Amino acid sequence: MADKFILIDGNSLLYRAFYALPLLHNSAGVYTNGVYGFLTMFNRVLAEIQPTHIAVAFDKDRSTFRNELYSEYKANRSAPPEELGGQFQLLRDVLAALNIEYLEMQGYEADDIIGTLSKKAEEQGLKTVILTGDGDALQLVSEQVEVLLTKKGISEMELYDPQGVKDKWGVEPEKMVEIKGLMGDASDNIPGVPGVGPKTAMKLVQEFTSLENLYENLPQVKGKKLVEKLEQNREQAFLSRQLATINRDMELDFSIEDYVMREPHYPELLELYRSLEFNNFLKILQEKEREKGMAPLKQEIEVLFLEREEDVTALLEEIKQGESVALYFQSSYHHPMWASLQGVFLEYSERVYQLKLEAGDDYKLQWIKALLESAVIKKYLHNAKFIQVLLLRHGIELRGVAGDTMLLAYVDDPAFEGDELDACLKKHLQLNIAENNLAALVNTIRELYFQLEGQIPAELRELLQEVEMPMSEVLARMEFCGVKVERSTLARISEELASGIAGHEERIFELAGSSFNINSPKQLGKVLFEDLGLRVIKKGKTGYSTGAEVLEELYQEHEIIAHILNYRQLSKIKSTYADALQELIHPETGRVHTIFKQAQTATGRLSSVEPNLQNIPIRMEEGRRIRQAFVAPGPDWLIMAADYSQIDLRSLAHISGDERLIETFKSGVDIHTRTAVEIFHVPVEWVDSELRRRAKAVNFGIIYGISDFGLARDTGVSRKEARKYIDNYLNSYPGVKKYMEDIVEFGRRHGYVETLLKRRRYLPELNARNKMVQAFGRRMALNTPVQGTSADIIKLAMIKVDEEIRKRRLQARLLLQVHDELLLELPRTELEEVSGLLRDCMENACSLKVPLEVSLKTGPNWYEME
DNA sequence: GACATCACGC
DNA sequence: GACGTACGTGATGTCA
């Protein structure tokens with residue numbers, strides 16, 4: 001790549017950053033916002049420009065050659081505020097640690113240094129970008145030199161090339177000083193010609209090109225007043241031009257090598273960032289350094305090909321009982337029910353073997369069936385569930401899985417995003433797999449497993465072995481089984497929806513007076529708020545907000561709103577459910593097979609994708625009908641749903657140990673009614689549906705760590721009233737109040753919070769300096785143990801249910817988990833036994849301070865259930 | 001392809 | 001003066 005020089009006006013940028021950001025300081029009280037903002041802009045621009053050379057220029061002090069010319073120069077500038085003053089030296093320190101040259105010269109401004117350097121760079125054929133907030137630099141723009149001007153805040157900038165300057169000012173860059181000479185510059189106290197502003201100055205320079213030429217031809221200038229003013233201020237104009245002209249011929253010993261980009265001095269930089277508490281810069285820096293220090297992976301790995309059955313037999317004879325292998329399967333797609341196998345890599349005793357599987361090679365897979373099904377040969381894999389489902393399609397039951405690096409990495413840190421093997425290797429072994437070297441990959445699996453397993457606390461090892469690993473097998477069976485979905489039912493619903501949608505669409509266009517794309521928030525916003533002139537309630541980043549919340553407020557104001565809301569609802573159901581689900585019915589099974597992601601959520605919950613079967617509509621009747629398509633697989637079969645009642649509140653009761661909450665669940669009274677009695681101070685017979693609804697919202701809010709603001713919005717009462725409800729709640733349930741205080745304190749002290757089964761979630765946010773981030777961390781600290789405990793409980797229940805069904809050799813099968821609900825299919829003949837078994841396994845999944853209650857429903861499909 | 005907006009579930 | 005319930009996935013439009 002061609003060499004590129006970036007020249008930064010340190011003063012200008014620091015000022016800009018200082019005023020753009022709130023006054024931040026570290027815990028020692030040192031103000032840091034200017035330096036912080038400088039570095040933010042600096043990093044962004046560096047990433048964008050990727051310069052090979054760099055220098056930062058500073059003003060030396062306030063007296064320059066310009067003051068000798070004109071004593072009033074910059075006389076209007078007051079000294080920098082106290083909070084900024086100290087940051088100049090701080091910035092110099094940071095630059096020194098970054099190993100970046102900075103320059104300052106007695107009697108000159110940063111501009112002059114930049115002008116001189118850019119001129120010399122130009123002479124040597126170097127492309128230059130000048131980063132500054134000072135528009136004076138535009139005079140330096142040329143074919144070789146571009147200027148990046150800060151516009152607003154610290155994120156908006158504009159890059160000027162010669163055409164850019166011409167577009168904006170109508171003249172060549174070098175004529176900018178002529179304009180300045182005429183119009184002056186208030187910020188530098190350069191007078192110019194009074195009464196001549198940017199517009200007039202531009203016009204004059206366009207016509208006369210220079211001050212000299214202008215004054216020689218003064219009579220040609222139109223406007224008597226203007227000529228008069230120009231005449232009177234002739235000397236001042238020339239002086240102003242001189243002041244505005246950047247000196248490009250300072251005496252500088254310039255050698256381009258002095259400004260080559262160099263590696264920072266890491267120890268100094270780390271120390272500085274630490275003391276300034278620039279935690280995100282620190283993180284980026286450490287990440288970078290670690291990546292550099294990463295051992296290059298042994299890329300040259302000898303791979304032994306298993307081409308004939310005899311090769312495999314020989315290998316299998318070598319692998320003794322109790323020994324272990326690592327496996328890596330190549331597949332064509334990320335969904336095990338839609339993927340085909342392309343190859344198997346096997347690492348044994350530090351040797352790597354490969355079995356290639358082309359289309360029609362399924363028989364080769366049978367060669368290793370005995371190995372895969374052996375319970376005594378230990379296997380280490382990454383995401384064993386995926387392989388298990390894929391193999392089930394080939395009639396192979398994977399057994400003997402001793403370790404799964406994906407699940408291990410998940411219990412180590414559930415917030416880590418990157419369930420892929422290479423991401424885990426990078427994080428835990430500092431290994432960077434540069435290319436897709438699968439032999440190298442399989443060769444690292446066991447090392448990753450043992451190293452990480454050795455690091456995690458014993459409780460997490462237990463969670464992995466006793467919960468997540470068995471869970472993985474249960475989920476594999478559920479995914480492979482799938483759930484029967486009737487295409488014809490979905491098609492019928494889709495058609496009905498289509499006609500409903502068309503009706504709303506027609507009426508919307510009539511009322512709007514034009515047709516447009518209703519699905520486009522942008523176009524819809526224009527119609528509602530510009531064409532129809534409705535009240536603007538909320539604006540987002542990109543324009544008017546048209547969310548349901550906003551539209552509901554406008555409901556009474558225009559007939560169109562109701563149609564839009566209905567249109568939105570129906571088209572959501574049609575596109576996401578009725579239509580998309582049909583495509584996902586598997587041709588071989590006639591069923592829909594989701595993937596339950598087991599290493600996805602920060603709380604320990606599962607998630608469901610392709611399709612997501614955890615968000616099938618239920619609240620609104622129109623959407624609920626989608627459930628009619630989820631059917632039992634035969635006339636003598638049933639769908640059964642088993643719901644935990646109030647599992648999150650029961651988890652909260654257990655964790656907090658609150659006496660009243662525990663007592664309520666033990667006595668079996670309705671929790672929301674009870675809460676209403678407590679927080680509204682009324683006898684139970686006064687609790688009507690409205691009071692119960694509000695109490696329910698409060699209960700909900702408590703679990704989520706809601707604020708008075710959010711509660712007010714959800715219940716429709718005033719914020720003050722909502723505050724009162726929360727206070728009343730906390731007084732009524734003092735154990736919950738204590739829990740909230742304790743869990744946040746625990747999180748601050750330990751850096752994490754944990755669930756019933758000691759699943760951890762790290763919460764660095766709790767100790768953040770940013771108040772918003774901290775509040776966010778607080779809500780997570782409150783919510784995660786509750787939601788995560790519920791997730792733990794249902795996982796335990798699922799393992800028990802699956803175990804029991806298999807032990808009793810029942811035909812009933814687990815199909816889905818929807819956080820607090822299990823869905824099964826079963827022959828009618830097993831109805832009684834499965835009901836008892838489910839209730840038993842779920843209610844006794846674990847022993848809490850409160851009873852767990854389960855409600856069971858059955859029916860021919862997921863819609864008609866009782 | 002990344003991002004924002006919207007809407008569905010618990 | 002804005003902004004504030006947790007955890008998710010997916011369809012669609014917009015803009016680079």
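Naming convention: chains lettered A, B, ... in sequence-line order (proteins, then strands); numbering from 1 in each chain. Here the structure is a predicted model, which is why all the values come from computation and not from measurement.
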Establish, from distance only, whether the side-chain atoms of [X] and [Y] form a donor-acceptor pair under 3.5 Å.
| X | Y | value |
| --- | --- | --- |
| A/R761 | A/T601 | no |
| A/R694 | A/Y725 | yes |
| A/T603 | A/Q787 | yes |
| A/Q817 | A/Q614 | yes |

Is [X] touching bases, backbone alone, or none of the nucleic acid, heavy atoms closer than 4.0 Å?
| X | result |
| --- | --- |
| A/R779 | sugar-phosphate |
| A/F700 | nothing |
| A/S545 | sugar-phosphate |
| A/G547 | sugar-phosphate |
| A/I702 | nothing |
| A/M772 | nothing |
| A/R568 | sugar-phosphate |
| A/A791 | nothing |

Whether A/R605 contacts C/dC7 is assessed here as follows: a side-chain N or O lying under 4.0 Å from the phosphate OP1 or OP2. Is that the case?
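So the side chain of A/R605 is outside the cut-off, no N or O lying under 4.0 Å from OP1 or OP2 of C/dC7.
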Within the structure, does a side-chain N or O atom of A/T546 lie under 4.0 Å from either OP1 or OP2 of B/dC6?
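For B/dC6, OP1 or OP2 has a side-chain N or O of A/T546 closer than 4.0 Å.
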Taking A/G735's backbone N and O only, do any of them form a donor-acceptor pair with A/D658's side chain (distance below 3.5 Å, no angle check)?
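Answer holds: yes.
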List the residues meeting side-chain hydrogen bond (donor to acceptor under 3.5 Å, both in side chains) with A/T858, not counting sequence neighbours, and say none if there are none.
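Expected list: none.
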Without decimals, in angstroms, what is the distance between [X] [atom1] and [N] [atom2]?
| X | N | atom1 | atom2 | value |
| --- | --- | --- | --- | --- |
| A/F630 | B/dG9 | CZ | C1' | 12 Å |
| A/Y577 | B/dA7 | OH | C1' | 8 Å |
| A/I655 | C/dA6 | CD1 | P | 18 Å |
| A/L524 | B/dA4 | CG | C1' | 15 Å |
| A/M780 | C/dG4 | CE | P | 15 Å |
| A/I518 | B/dC6 | CD1 | C1' | 15 Å |
| A/N699 | C/dA6 | CG | C1' | 15 Å |
| A/D648 | B/dG9 | CG | P | 17 Å |

Who does C/dC3 pair with, Watson-Crick or G-U, both distances under 3.5 Å?
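The base-pairing partner of C/dC3, which may sit in any strand shown, does not exist here.
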[N] and [M]: how far apart are their [atom1] atoms, nearest whole angstrom?
| N | M | atom1 | answer |
| --- | --- | --- | --- |
| B/dC6 | C/dC3 | P | 14 Å |
| B/dC3 | C/dA6 | C1' | 23 Å |
| C/dG4 | B/dA4 | P | 15 Å |

Under a 4.0 Å N-O cut-off, is there an ion pair linking [X] with [Y]?
| X | Y | value |
| --- | --- | --- |
| A/D670 | A/R692 | yes |
| A/E553 | A/K538 | no |
| A/R723 | A/D727 | yes |

Give the minimum heavy-atom separation between A/A642 and A/L856, together with the two atoms involved.
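Closest heavy-atom pair between A/A642 and A/L856: CB-CD2, 3.4 Å.
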Tell me, with the steps shown, if A/D413 and A/Y762 meet side-chain contact (heavy atoms from CB on, under 4.5 Å).
CA-CA 7 Å; A/D413 180 6; A/Y762 292 93; 4.1 Å; yes
Polar pair under 3.5 Å, donor/acceptor by atom type, side chain A/R719, base C/dG4:
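Result: at least one qualifying N/O pair found.
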Which of residues 618-628 of chain A have a heavy atom under 4.0 Å from DNA chain B?
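A/I618, A/R619, in order of number.
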Between A/I703 and A/K538, just flag the one whose closest nucleotide in DNA chain C comes earlier from the 5' side.
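Here A/K538 is the residue nearer the 5' end.
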Encode nucleotides 8-16 of chain C as B, S and - characters from 5' to 3', where the letter depends on protein heavy atoms closer than 4.0 Å: B to the base, S only to sugar-phosphate, - to neither.
BBBSSSSS-
